**Q** 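Sharing a structure, written as structure tokens. Questions coming.
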Amino acid sequence: MSVTFGGEYPTMLQDKEALYQERLKRYTTALHNGKPDRIPIRPFVAEFTAKYAGYTCQQITHDYRLAFAAARKCAQDFDWDAVVGNMVYVWTGLTQAIGLKYYGVPGIDVSADTGFQYREPSEEKAFMHADEYGALAEDPTGFLFNVWMPRVSTEVNPIGAPATYRNNLSFLKGGMAMLNYFSAFGTQNELLRRECGTVSAISGILKAPLDIIADKLRGYLGLANDLMKQPDKVLKACEALMPHLLHVARTSADPEKQVPIGFWMHRGCVPFISRKHFETIFWPTLRPIIEELWKSGHQTLFYAEGKWGHHLEAFAELPEHSMVYHIDQDDIVKVHRVLKEKFCLSGGIPNSLLAFGTPQEVRDRCKLVIDTIGREGGYIMDASAIVQNDAKIENIQAMTDFTHEYGVY
Amino acid sequence: MSEGQKPIPPGICFLWEEKALQLPEIVGDKELVKQIWEENESLAYTYIWHCLVSF
């Protein structure tokens with residue numbers, strides 16, 4: 001689209017670009033454990049954007065254009081430094097086109113005002129069977145196309161079954177929809193920059209091999225059994241997944257290498273798995289990926305959902321600045337003691353407080369977090385976990401305003 | 001993948017070496033044909049791996 005601006009607009013655009021550059025510098029300085037002019041604010045707001053912008057969860061989950069608009073409205077109105085273009089992320093129009101079974105879709109499977117859900121099948125109906133580790137390890141991509149996809153999709157038939165109309169449409173519609181959606185992020189990031197002066201907070205995706213097996217293949221219960229009965233096969237499969245997960249992370253990362261890759265940490269920690277399995281499977285098949293990404297100049301954002309306090313010493317062995325550690329329910333004092341010297345930290349404002357607390361309680365918590373882990377720089381203000389539509393708008397405003405005022409260095 | 005086949009590396013779903021065997025002799029620029037084949041392969045690879053990792 002070609003747009004001709006009148007005299008007023010170029011000035012506005014220049015102002016937004018100056019604002020963008022100011023925020024980018026603030027954000028990237030903190031990411032590298034430095035001390036910017038003030039603490040950057042980068043809330044990972046998901047269904048909260050719907051609540052604030054006047055949409056239902058169904059609207060922003062099923063129509064990503066509305067999700068993008070809601071994200072921009074929040075970025076603009078709250079004056080945040082960085083946001084994710086669409087933290088709801090799972091566009092259920094796409095998952096429906098493919099026929100993915102494991103989503104609870106707002107307005108279909110759950111109420112229109114409930115966020116989308118992951119539905120893990122029972123152990124008996126797991127998408128990968130206990131005796132298929134060898135097949136997965138031998139040819140991960142082939143396994144996904146030929147075995148996994150027919151099991152997770154209502155539309156796709158297994159190899160040998162008829163190539164039906166619905167089977168063919170699943171791949172065609174799914175592929176075109178994915179291309180459409182991913183391409184739209186480029187425009188969204190550009191609009192965030194030009195309309196709001198806001199930085200796109202992350203680029204790319206990483207998950208740990210062991211988490212992938214639990215999340216999408218064997219299910220958590222199946223994996224837990226396998227870790228006891230056939231840990232060597234689990235390890236081999238994780239090793240086979242490593243180069244592919246590295247490839248996905250690297251090819252989706254920021255080519256400018258300014259913002260980190262989002263690494264979503266699920267059930268690879270004590271007590272979901274034992275310390276032994278963390279030390280012998282989870283970490284040895286994850287650490288080389290992080291180190292390889294860092295060699296290529298890409299930081300990784302450890303989005304440590306839950307409590308990862310048992311493993312902080314392992315993370316501390318990573319190269320300086322190679323990751324950013326996001327605090328959910330960990331002890332902020334311990335995280336600060338173990339990681340702060342080498343890495344930027346973010347988060348630490350409990351979602352329960354944002355949902356059920358008062359603005360004063362939110363301000364008090366923000367003060368405690370800033371005083372404890374943010375005084376020397378290298379801290380980014382954010383909620384503990386992804387912000388859904390239970391958060392009160394006045395509490396998000398309080399977190400924002402307090403940081404603007406008290407977070408100045 | 002059947003026995004004796006080479007493993008499929010990240011970024012593609014089907015080896016160019018196998019595809020090339022199915023084509024008549026390429027009298028023009030072989031590298032161009034290979035490059036475009038693999039670029040399109042990467043789209044299919046992106047599709048299945050993002051179904052697994054992102055969705």
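Since the model is a prediction, treat every value here as computed from it, not as a measurement. Per chain, numbering begins at 1; letters A, B, ... match sequence-line order. Heavy-atom basis, side chains included; hydrogens, waters and symmetry copies ignored.
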**Q** If you measure from CE on A:Met178 to SG on B:Cys51, what distance do you get to the nearest 0.5 Å?
**A** 4.0 Å
**Q** As an exercise, state the distance from CZ of A:Phe182 to OH of B:Tyr47, rounded to the nearest 0.5 Å.
**A** 11.0 Å
**Q** Given heavy-atom pairs under 4.5 angstrom as the criterion, report whether the side chain, backbone, both or neither of A:Phe143 touches chain B.
**A** neither
**Q** Do you know which of A:Thr251, A:Ile98, A:Leu245 has the most heavy-atom pairs with chain B at a distance under 4.5 angstrom?
**A** A:Ile98
**Q** Could you tell me which portion of A:Leu144 (side chain, backbone, both or neither) has an atom closer than 4.5 angstrom to a non-hydrogen atom of chain B?
**A** both
**Q** For A:Phe127, is it the side chain, the backbone, both or neither that has a heavy atom under 4.5 Å from a heavy atom of chain B?
**A** neither
**Q** Is the A:Tyr89 ring parallel, tilted or perpendicular to the B:Phe55 ring (thresholds 30°, 60°)?
**A** parallel
**Q** To check you understand the geometry: which heavy-atom pair defines the closest contact between B:Ile8 and A:His244, and what is its length?
**A** O-CE1, 4.0 Å
**Q** So how far is it from A:Leu179 CG to B:Thr46 OG1, rounded to the nearest 0.5 Å?
**A** 9.5 Å
**Q** Count the heavy atoms belonging to other residues, nucleotides or ligands that lie under 6.0 Å from CD of B:Gln22, then report whether that count exceeds 12.
**A** yes
**Q** Which heavy atom of A:Tyr103 sits nearest a heavy atom of B:Ser54, and at what distance?
**A** OH-O, 4.4 Å
**Q** Less than 4.5 Å apart, side chain to side chain, heavy atoms only: is that true for A:His247 and B:Tyr45?
**A** yes
**Q** Given heavy-atom pairs under 4.5 angstrom as the criterion, report whether the side chain, backbone, both or neither of A:Leu94 touches chain B.
**A** side chain
**Q** Examine whether an atom of A:Trp264 lies under 4.5 Å from a heavy atom of chain B, and if so say whether it belongs to the side chain, the backbone or both; otherwise answer neither.
**A** neither
**Q** Using a 4.5 Å cut-off on heavy atoms from C-beta on, say whether the side chain of A:Ile205 contacts that of B:His50.
**A** yes
**Q** Of all the heavy-atom pairs spanning A:Met149 and B:Ile48, show the shortest one and how long it is.
**A** CE-CD1, 3.7 Å
**Q** Please round to the nearest 0.5 Å and tell me the distance separating atom CD1 of A:Ile212 and atom CG of B:Leu52.
**A** 4.5 Å
**Q** When you look at NZ of A:Lys236, are more than 12 heavy atoms from neighbouring residues, nucleotides or ligands closer to it than 6.0 Å?
**A** no
